[in-house]
Amino acid sequence: MYKRQVFGLLTTMRAYDVVAQTPDGRYALGLRLFEYGRQVERSWDISLVARPYMEHLCQQTGASVMLSVCESGSVITLDQVETRGSLRVVSDTGSRLPIYCTSQGKVFLSHMSRTGAEALLRSQKMTQFTPHTITDIPALLREADQCRANGYAIDDEENEMGVRCVAVAIPGPDGRAESAFSISGLAPYMTPERIRRVAALALDTRTDILADLGVGRKG
C-alpha cells in the first residue's frame, strides 16, 4: 500500500514538473522546483534592496510601507516598515490579502493583459468587506486602466474601513510587476491632496529601487 501511495505521489509531482524521471527509471528534482527557487531568491533580493528605501519613505510620509508579491491571485506581504505616528497601519508579514480590493492588487492587475486580469478576477470569490469594496469586474478593470495611466493605484477604504493606501509596482527586466509596495494610512489623514504627494514620493522611490536593482525602466 505504501509503495502505491509513493508511486501515485511521484506520478502527480512528475505531471507538475516537480520531479523528473531519468532514462534509467530514477527520479530527480524537476525544473519547476528550480523556478520556485528562483522566485524565492528574487523575493529575497527585492526585500533586501527595497528595505532602506521603504524606511526612508516611511520617514518622509509618516505612514506604514509594505512590500508585496502576487501569488495565486492573492497579495502576500513580504516586508513592512511601521510608522510610530498617527498613520500607523499594520499587516502581518506573510499574510494574504485579496487582489481585487487592495492597492497592491490593483497594481498587479494593471500589469496583466486585460484578458488575464478578467480571468483572474472571475476566478475570485469577491467579498464585500466594506461599503466601498468594488466587486464589479468591469469597474475593477477600469481601476486597473486608471492605475496604468497614473502609475499608481489607490485603495479607498475598500479592504478596511478607515484605511487608504497608495501602491506602485516594482517591475522586473521584462516589465512585468514582480512586486509592489504600498503606503497605508488612516483615511482622515490620507486626503486626496496628500495621496497625490505620497504617490509622487512613491514613484520617485520606485525609480531609486529600480536603479539599485539595475533595472533601468519604469512601469
Student: Just to verify, what does S179 make a side chain to side chain contact (heavy atoms under 4.5 Å, CB included) with, not counting sequence neighbours?
Tutor: I46, L67, V69, I170
Student: Please name the pair of heavy atoms, one in L121 and one in M126, separated by the smallest distance, quoted to 0.1 Å.
Tutor: O-CE, 3.3 Å
Student: Considering residues at least two apart in sequence or located in another chain, which fulfil the side chain to side chain contact (heavy atoms under 4.5 Å, CB included) criterion with Q128?
Tutor: T133, T135
Student: Can you see which heavy atom on I154 is nearest to which on E143, and at what distance?
Tutor: O-OE1, 4.3 Å
Student: Any side-chain heavy-atom pair from L141 and P138 closer than 4.5 angstrom?
Tutor: no
Student: Of all residues at least two apart in sequence or in a different chain, which pass the salt bridge (Lys or Arg N to Asp or Glu O under 4.0 Å) check with D208?
Tutor: none
Student: What pairs with Q146 under side chain to side chain donor-acceptor pair (under 3.5 Å), at least two apart in sequence or on another chain?
Tutor: N150
Student: Apply side chain to side chain donor-acceptor pair (under 3.5 Å) to R142 and list each qualifying residue two or more places apart in sequence or on a separate chain.
Tutor: none
Student: Considering residues at least two apart in sequence or located in another chain, which fulfil the side chain to side chain contact (heavy atoms under 4.5 Å, CB included) criterion with D145?
Tutor: R114, R148
Student: Please identify each residue that fulfils side chain to side chain donor-acceptor pair (under 3.5 Å) with R51, with sequence neighbours left out.
Tutor: E55, D79
Student: Sequence neighbours excluded, which residues qualify as side chain to side chain donor-acceptor pair (under 3.5 Å) partners of S182?
Tutor: Q104
Student: Same cluster for F181 and V107 if Ile/Leu/Val/Met/Phe/Trp/Tyr side chains link at under 4.5 Å?
Tutor: no
Student: Could I get the full list of side chain to side chain contact (heavy atoms under 4.5 Å, CB included) partners for E158, not counting sequence neighbours?
Tutor: C101, K106, H132, I134, D155, D156
Student: Does anything in residues 183-192 form a salt bridge (Lys or Arg N to Asp or Glu O under 4.0 Å)? List the pairs, not counting sequence neighbours.
Tutor: none
Student: In terms of hydrophobic clustering (I, L, V, M, F, W, Y; side-chain heavy atoms under 4.5 Å; direct or indirect links), are I209 and I183 co-clustered?
Tutor: yes
Student: Would you list the pairs meeting salt bridge (Lys or Arg N to Asp or Glu O under 4.0 Å) in which at least one residue belongs to residues 117-139, sequence neighbours left out?
Tutor: E118-R122
